Amino acid sequence: MNRAKPTTCIFLLFALLAGICSAYEYDEDSRPCEEDKCFVAIHSDVPRCWMQGDNQNIEYMMPMDGGFHRIPNSCRRSNIFGGDGYLVAYPSTGGVVFLEDPSAVDLQYLGLPNTHDTARSPGEDDDLATRMVQLGAQWWPNWDLYFRHSSRIHDDIFYDYHFPSKVDVAFPTTGGVWVANFTQDASRYRYEDMACQSWLPHAPYLWDIKMRYALTMDDKSEMMKDLGATFYASVDVVPGLAKTVQEAVSLFEPFKERLNNMEDDGYRERFCANNEDEDKDTVNEKHDKLRWGIGRLFGELR
């Protein structure tokens, strides 16, 4: 068997180290986050972070730790047209409120242009965050927690009630509100894995397409109605939908423990198991969990 010569091994090691070092070099359009006045705190020192244009790029070395993301820097309100599609507000309560890929109708409802990204006005964050959560936006304590768990969902790890649902809201001019809640788990669980079935439905195939082509809130309302959304006479009676940022913070509280549980490999395998030897207490734990935005779990079946 042929063995590599010591000189060859040394050369390969040097090349590897050089590659790693070059990966952390910044070009003329990039700069380290800490050196930029528009730096957004991630609450983790794990990912590599650099600024590029109006974006703050965040890259975790391991995909399961968070993946790669581009968020608006703290001087920008959004990066819908030049990043990962976030509309962001940083309320005075702390944390972050965001909508991912908001529709043109949603932007118009929020009083924002649907043709270009905008600069942030810190004094307006509380008001904007309040209106965003009424449209189904999520509040998270920090970006790191969101990235760590959303990346695992994208890698097909089943979360079900451990991760906030996707909430869509429409306010027709005739009054009332249309609301739909969908699981954020991979769609393959709908067809392939009978052991892991979400309590919530997946979004219909045409959902995103139809939302994209709505021109008014009435259009969006009609499309949501056609696709099975639920109508409420008033936003005040919608279970689990925040009306204020503080309510959004409170609704997130149960997810802190659930997300922490999902850090445990054994727990993940156990709650999604489908066998006769499963601990009955573990099975029942599912049905005791409150779900965000689901009426029957906040009221009727509580």
Side-chain angles (χ1 to χ4, degrees), residues 40-49 55-73 78-80 83-91 94-103 106 129 132-133 135-168 180-190 193 196 198-203 207-208 211 240 242 248-249 251-265 267-269 271-272 289 291-294:
V40 176
I42 304 302
H43 295 272
S44 173
D45 57 1
V46 174
R48 178 193 176 206
C49 180
N55 288 320
Q56 181 169 324
N57 297 334
I58 303 156
E59 183 177 27
Y60 294 77
M61 295 299 292
M62 300 296 293
M64 286 284 288
D65 289 338
F68 173 75
H69 307 272
R70 293 180 299 170
I71 63 173
N73 65 41
S78 61
N79 66 354
I80 299 166
D84 283 358
Y86 288 108
L87 172 64
V88 180
Y90 295 97
V96 55
V97 171
F98 59 85
L99 284 168
E100 193 169 1
D101 295 322
S103 67
D106 291 340
M132 286 171 65
V133 298
L135 274 178
Q138 297 179 357
W139 178 92
W140 283 75
N142 55 67
W143 283 109
D144 181 67
L145 187 66
Y146 172 71
F147 289 149
R148 191 161 69 252
H149 291 281
S150 63
S151 67
R152 295 174 185 178
I153 287 179
H154 294 158
D155 287 335
D156 284 357
I157 291 179
F158 184 69
Y159 266 67
D160 195 22
Y161 55 82
H162 295 80
F163 195 91
S165 61
K166 181 182 187 296
V167 182
D168 277 303
N181 294 266
F182 303 116
T183 179
Q184 305 219 45
D185 283 314
S187 59
R188 78 175 183 84
Y189 287 106
R190 188 186 336 185
D193 194 334
C196 300
S198 299
W199 284 18
L200 282 172
H202 289 81
W207 188 271
D208 289 337
M211 295 305 107
V249 174
L251 287 170
F252 187 86
E253 190 64 29
F255 289 100
K256 292 181 180 179
E257 179 183 355
R258 299 176 202 172
L259 293 169
N260 185 61
N261 287 339
M262 290 299 286
E263 299 284 357
D264 182 342
D265 292 341
Y267 177 88
R268 287 201 305 268
E269 294 173 0
F271 100 87
C272 189
K289 297 288 188 178
R291 299 294 300 282
W292 186 38
I294 311 306

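Keep in mind that what you see is a predicted model, and the values were worked out from it rather than measured. We're numbering straight along the sequence, starting at 1.
- Between the Asn57 side chain and the Arg70 main chain, no donor and acceptor come within less than 3.5 Å of each other.
- Put simply, CG on Asn261 and NZ on Lys256 are 14.5 Å apart, with the number rounded to the nearest 0.5 Å.
- Between Asp155 and Arg152 there is no salt bridge, since no side-chain nitrogen of the basic residue lies less than 4.0 Å from a carboxylate oxygen of the acidic one.
- The distance from atom CG of Leu259 to atom OH of Tyr159, rounded to the nearest 0.5 Å, is 6.5 Å.
- Nearest heavy-atom pair across Gly136 and Leu99 is C-CD2, 4.3 Å.
- With no hydrogens or angles considered, no side-chain donor-acceptor pair links Tyr86 and Asn55 at under 3.5 Å.
- Atom-to-atom distance recorded for Met132:CE and Asp106:CG is 10.0 Å, nearest 0.5 angstrom.
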> Can you list the steps and then say if Trp143 with Phe98 is a ring pair (Phe, Tyr, Trp, His ring centres under 6.0 Å)?
Replying inline: CA-CA 10 Å; Trp143 283 109; Phe98 59 85; 5.1 Å; yes

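- Between His69 and Tyr146, the distance separating the two ring centers is not shorter than 6.0 angstrom.
- Between the side chain of Asp185 and the main chain of Asp160, a donor-acceptor pair closer than 3.5 Å is present.
- Leu145 contributes atom CG, which lies 10.5 Å from atom NE2 of His43 (distance to the nearest 0.5 angstrom).
- Atom OH of residue Tyr267 and atom CG of residue Asn260 lie 10.0 Å apart, to the nearest 0.5 angstrom.
- The distance from atom OG of Ser165 to atom CG of Asn181, rounded to the nearest 0.5 Å, is 4.5 Å.
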>> Please evaluate residues His149 and Glu263 with respect to the criterion side-chain hydrogen bond (donor to acceptor under 3.5 Å, both in side chains), reporting the C-alpha separation (whole Å), side-chain torsions for both, the decisive distance (0.1 Å), and the verdict.
In response: CA-CA 9 Å; His149 291 281; Glu263 299 284 357; 3.3 Å; yes

> Hey, mind stepping through Val46 and Phe147 against side chain to side chain contact (heavy atoms under 4.5 Å, CB included) and telling me if it holds?
Replying inline: CA-CA 12 Å; Val46 174; Phe147 289 149; over 6 Å; no

